[in-house]
Amino acid sequence: MTDNPKNELPKSYEPGAIEARWADEWVKEKLFSVATPAEGDTRPVFTLLLPPPNVTGRLHMGHMLNQTQMDIIVRWHRMRGFVTLWLPGTDHAGIATQMMVERQLASEHKRRTDLGREKFIERVWEWKKLYGGAIQDQMRRLGASVDWDREYFTMDENLSRAVREVFVRLYEQGLIYRGKYIVNWCPRCATAISDLEVKHEEVPGKLWEIRYPVVGTDEFITVATTRPETMLGDTAIAVNERDERYTHLHGKKVLLPLMNREIPIITDELAQPEFGTGAVKVTPAHDANDFVAGLRHNLPQIEVMDEHARMNQNAGPYAGLKREEARKRILADLREQGFLTGEKDYTLALGTCDRCGSVVEPRLSTQWFIKIQPLAARAIEVVEKDDIRFTPANYRQIYLNWMRNIHDWCISRQLWWGHQIPAWYCDCGEIIVAREAPSSCPKCGSSKLKQDPDVLDTWFSSGLLPFTALGWPEATRDLEVFYPTSLLITGFDILFFWVARMIMLGCWFMAPPEKPGLPGTDSDGRDARHPTSIEVEKQEVAVGERASRPFKAALSDEELRNSVPFRDVYIHALVRDADRQKMSKTKGNVLDPIQVIEKYGTDATRFTLAAMSSPGTDIAFNEKRTEGYRAFANKIWNAARFMFMNIERIDPGIRPGRTGVDARPHAGIAGFQTAVLEDRWILSRFNSVTKNVNGSLTAYRFDEAANAIYDFFWGELCDWYLELIKARLLPESETARGTCANLVALFEASLRLLHPVMPFITEEIWHAMYDGKPPLKSLALAEYPQADEAQIDRKAEAEMAILQDLIASVRNLRAELKVETKQRVPVEIFAEETAVRSLIEKNAGALERLANVEQVRFVTEPLASKSGARGTARFDLRLIYEQTIDVAAECVRLKKEMEKIEKGIAGGQRQLGNEQFLAKAPAQVVENLKKQQQELAVLHQKTQSKLNELGCGSDI
RNA sequence: GGGCGGUUAGCUCAGUUGGUUAGAGCGUCUCGCUUACACCGAGAAGGCCGCAGGUUCGAGUCCUGCACUGCCCACCA
C-alpha cells in the first residue's frame, strides 16, 4: 500500500501522488459507507447532509471551505465511535442548469423551443451525464468522507415521487393554491422567480412628474413615477382621503395622456400625502402595490408588456418596443404634448434576477403558491425553543426576523428542467392534483387532460432532502435512525433559500401525521400581497375540495423536537480573495481550489481553510497562508523521517504494537514512560492540547483546533521535544529504545489528533509506521485521542518553562555577543533557589546541547554585569568568552528593562494599595499579582545593582 | 428605510466569562546548510487595540455616541 518504505521517504513531502492514491483507496475500500444500524444497536449516531452542489457545477472555494469543515466534524465523530453518515448528492438546479444547456444550444444557433420540451430535457440529461460527475471527482480529491453508496440526485425517481407526495399533501391541506397575482418576473428567463431570487441594487434613476387632465375641468392632477412606461396600463389615479388638496376631485375622472382613456380618481391609502404630489398612478398589472389597491377597488388589470418585457398590443402606438425604448419614446411624447412637468434625480432599488442580472418586472400571471404562515409558525417555534441551535448565535435572530415577515412562496417556474407540477387540467375546467397522472377527469369523464407545463422551484425539492434522501415517504429504518440529522453546515447565502425551507418543510412533514377533524387553514395565513381573493380562488380552484386533509395544528414539545431536520446549524463565512474582494468570474479573481491543491496539496489547503474559519468575519483566502501550511506538512513529514531513522538504527523491530509501548490505535499512549522531565512535559502538553482540540471542535472552532495542533506539533513537539531527546537517542541502549518507543507512541497519537484536518499525510505516515500492515484499514477508523486529566502535569510544565527560559537566554546572549555558531562556550550560572539549581543541574546536558555551551558551572554569588551576565528573577548566567562589553549599549538595554520593571511595579503598587481592589478582586487575582510583584522586586534589585555596577548615568 | 458584522504589528488574522507586561503566521533585519526538515534552525525589531465619552478597583474585551468599511433585508410611487 505504501510506495515508499519508511526508510526511503523522500526528503521533502510531495503531496500529489500520495493524496491521489489515498483518495482512490478510501473510495475503493468503501471506507465511509455505513450500514444502517439494526434494532438494539446502542452506538450514538451522527448524520450530516451535504448541501447538494449543482449537478453541473464545479468546485469553488466556498464548496471547499464548506466541505473541509464538514469533513473535519464527520471524521472526528467517526473516530469517536459514532455511526457516522455523511450523505452526498447533487441538485438538478432548475434555472442554472437549464441556462447552461440553453447557452450551449445558442452556440449552435438554436433555442430550446426549436427542440421542444421532450428533446430539450433529453439534452439536459445528456449534459448531466457528461458534466455531472465533475464535482464528485473534485470532492474525492478533497478527501470528503461521504457515503458514496447513498448518493442521490434530486431528480431520481424516488425523490421525484416524494416531491409529488409533498405537493399533493400540501394541496389537500389547503396550503397550496393557484392564482393570478403579481409575481417577480425575469424577462430574460421568461419565468416567475421568488422574492429571494431578486437582488436589489441601488442605482441612480429619475422621478418624473406627469400631469393628467381632469375630465370636465381645466385642472390637472400631477403624479410622480419612476416607471413612466407603465402608465399605458394605468386604470386609476389614487389620492389619500384625508389629503385636502384633492377633496374636490373625489369621484372625478382623468384622461390618460397618450392613450386617451378615461380612468377614475379613487381614494386609497396607497397614496401618501407626504410623498411627491400626494397623487399616484395605479397600474394593477405592473406593480405589486397597485395590484392590491386594484383588487380593493375592482379596477381592471391592463397588461401592456409581454413575457419578454416588450410592449404588447395594449400599448397602442408603442406596441413592439422594448421597455427601455418605450420609456424614451413615452417621455419624449409626454414632453412634447406638455404632460411632463418635472424630472428629478432619484435613487431607486432596482430588482434584478439573481441568475442572469436582468431587471425584474413585476408581472401579472397565474402561478402556484404555498400558503406559508402555518409552516412558518412551526419553524419559528422550534428555533425559539432551541430545538434547533445556530452557530454563530446571531443567525438565530436573523432567521427569526425573516421568518416572522415571510410572504407566500411562489413555487411554479416557467421552465422545462425540474419536477413538473402534478396538476392536470380538463377542458371542463376541473383541476386534478394527483400523485400519478389521472386517466380521466373525475368530473366530466374526459380523458383529454393536460398536465401543468410548469416545474417547481428547485428549492422546493431540496427543502425536502433531510427526509426524502432517507427514504420518505416510506417509513424506512434509515429515517428512524438518521432523522433528525445532527448538523447542517452551510453558508449564510442560502440561509433563507434552503435552511429556512428545510426547517419549515421538515417540521411539517416529519411531525406526527395529520389527524382528521382538526381545524383547517382558512382563517390564518393571509398574505398581504397575495390576498386570498375570493374572486380569484373561485376562478381557479374550488375551496371545498382542497381542505380534505386537515393537519395537526398543535404538537407536543417532543413531537416538535423530533420533527426538526437538524439539531445544529453552523453557518460559515464567505471566502473572498486575498484583497477581500468577492470572488466572481467577471472580476476574474476566482481561485480554483483544484489549482491551489495541485500547488500546495489538499492537506495544506484544508488546513488553511480550517485555520481561517474564525467566526464573524469572511475569509480572505491568502495563498501565503497555504504556503505556510504546506511547510507544516513538510515539517510533519520530516519529523516522521527522523522517527523512522531512529527506529531503523536502534531496533528495526520497534513498531507500534510490537514495542512494549502499547501504541495500538485503541490504546492511546498508555505505555508512555515518564521518567524524564521532557517526557512528563510533552505528555502533559499532549493531553492539554487534546482537551483543547476536542473542546474547540465541539464549539465548531475549526481555527482554534487547527492552531492548537499546529503550535503543539511544531512549536513543542518538533522544536523542543525532538531536540531534547536527540541526546538520549544517540547511544544504542535501553534508554534509547525506551525513548524511541515514547516517540513512536506520541507520534501515533498526534497523527490521530491531526487526522480530521489533514487526512492524507497522517494516513500515509500512519501506514508507514505499521510497515503497511496496520491493525485497521485506515487511520480514519482509529480512535480519536481524549485527554487524560491525570497526565496533565503542571509541575513538569513549570519546570520546563524555566529550562526553556534558560536556554533562550543563552541563545539570546550568544546572538548579541556574536559568538560563532560552532563555538561551544563555558557558562556560569547563579541560581538562588535550590530547586531551580537542581533542576538546571539535572538538565545540564539539555542546556549544553540546545544552547551549544559546555562546562556548566554554578556560582554562589549573583553575577556581575560587567562580566556580561544576564539574568531573570530565577537565575543569572554568564558566558565565559572573550568579550568586550559595550557599556553604553548595555546601559541602554538595562534602562529599557528597568523602565518596564518600574512600570510593572508602579502598576502593581497602585492596585495593591487600593482597598477597593483588595476587597473586590478575586483572591486568585490578588495572589497572582503579589507573586508577580515579588518577582519584579527581585528583578528590580538585580537590575539596579547592575546599573550601579556599570556606572550607567541617568542621561543616556 | 430597517438590521447585522468589521476596524488590534508593514500584510492576513487570533485574543475565551473584563484581571494588570496584547499573541501567531507571513514579510523585514542579523546569524547559521548543528547528520529530520533551507518548505529549516536561532535571535531581533515592530502595536495610544478606529475616535470620543462612560461603567468598573481594573477595559482590546461591557455601555453610549461618532467615523470609516463590508454585508443582508425592504412593495412607498
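The chains referred to below are lettered A, B, ... by the order of the sequence lines, with proteins before strands, and numbering in each begins at 1. Fair warning: this is a prediction, and the values are worked out from it, not measured in the lab.
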What's [X] touching, base or sugar-phosphate or nothing? Going by heavy atoms closer than 4.0 Å.
{"X": "A:Ala271", "answer": "base"}
{"X": "A:Glu14", "answer": "base"}
{"X": "A:Lys624", "answer": "sugar-phosphate"}
{"X": "A:Asp719", "answer": "sugar-phosphate"}
{"X": "A:Leu495", "answer": "nothing"}
{"X": "A:Met643", "answer": "nothing"}

Flag if over 12 foreign heavy atoms under 6.0 Å of CD, A:Glu820: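 No, not enclosed.
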Are there over 12 heavy-atom neighbours, none belonging to A:Lys199, within less than 6.0 Å of that residue's NZ?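 Yes.
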Below 4.0 angstrom from OP1 or OP2 of [N], is there any side-chain N or O of [X]?
{"X": "A:Lys726", "N": "B:A36", "answer": "yes"}
{"X": "A:Trp714", "N": "B:G41", "answer": "yes"}
{"X": "A:Ser614", "N": "B:A14", "answer": "yes"}
{"X": "A:Arg811", "N": "B:U30", "answer": "no"}
{"X": "A:Lys11", "N": "B:C39", "answer": "no"}
{"X": "A:Tyr346", "N": "B:A77", "answer": "yes"}
{"X": "A:Asn812", "N": "B:A42", "answer": "no"}

Check every atom of [options] against the side chain of [X] and return the nucleotide holding the closest atom.
{"X": "A:Asn394", "options": "B:C73, B:C57, B:G5", "answer": "B:G5"}
{"X": "A:Ala631", "options": "B:G25, B:C39, B:A77", "answer": "B:C39"}
{"X": "A:Ala815", "options": "B:G19, B:G43, B:C72", "answer": "B:G43"}
{"X": "A:Lys920", "options": "B:U56, B:A36, B:C73", "answer": "B:U56"}

Whom does [N] pair with, Watson-Crick or G-U wobble, provided both distances fall under 3.5 Å?
{"N": "B:A74", "answer": "none"}
{"N": "B:U17", "answer": "none"}
{"N": "B:G53", "answer": "B:C63"}
{"N": "B:C40", "answer": "B:G32"}

Can a salt bridge be assigned to the pair A:Arg227 and A:Glu229 using a cut-off of 4.0 Å between side-chain N and carboxylate O?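 Salt bridge present between A:Arg227 and A:Glu229.
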Should A:Glu723 and A:Lys726 count as an ion pair when the cut-off is N to O under 4.0 Å?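 Between A:Lys726 and A:Glu723 there is a salt bridge, with a charged N closer than 4.0 Å to a carboxylate O.
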Flag side-chain contact, heavy atom, 4.5 Å: A:Ile193 against A:Trp185: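 Side chain of A:Ile193 against side chain of A:Trp185, heavy atoms only: no contact under 4.5 Å found.
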Take atom C1' in B:A67 and the same atom in B:G53, then report the distance between them in whole Å.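 15 Å, rounded to whole Å.
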Whole-angstrom distance between B:G25 and B:A14, as gauged at atom P: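 It comes out at 16 Å once rounded to the nearest Å.
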Establish whether the base of B:A36 is bridged to the side chain of A:Glu723 by a donor-acceptor pair shorter than 3.5 Å.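 Under the 3.5 Å cut-off, the side chain and the base do form a donor-acceptor pair.
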Compute both the distance and the angle, then confirm whether A:Lys635 meets the cation-pi test with A:Tyr710: under 6.0 Å from the six-membered ring centre, within 45 degrees of the axis.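 Output no; distance or angle outside limits.
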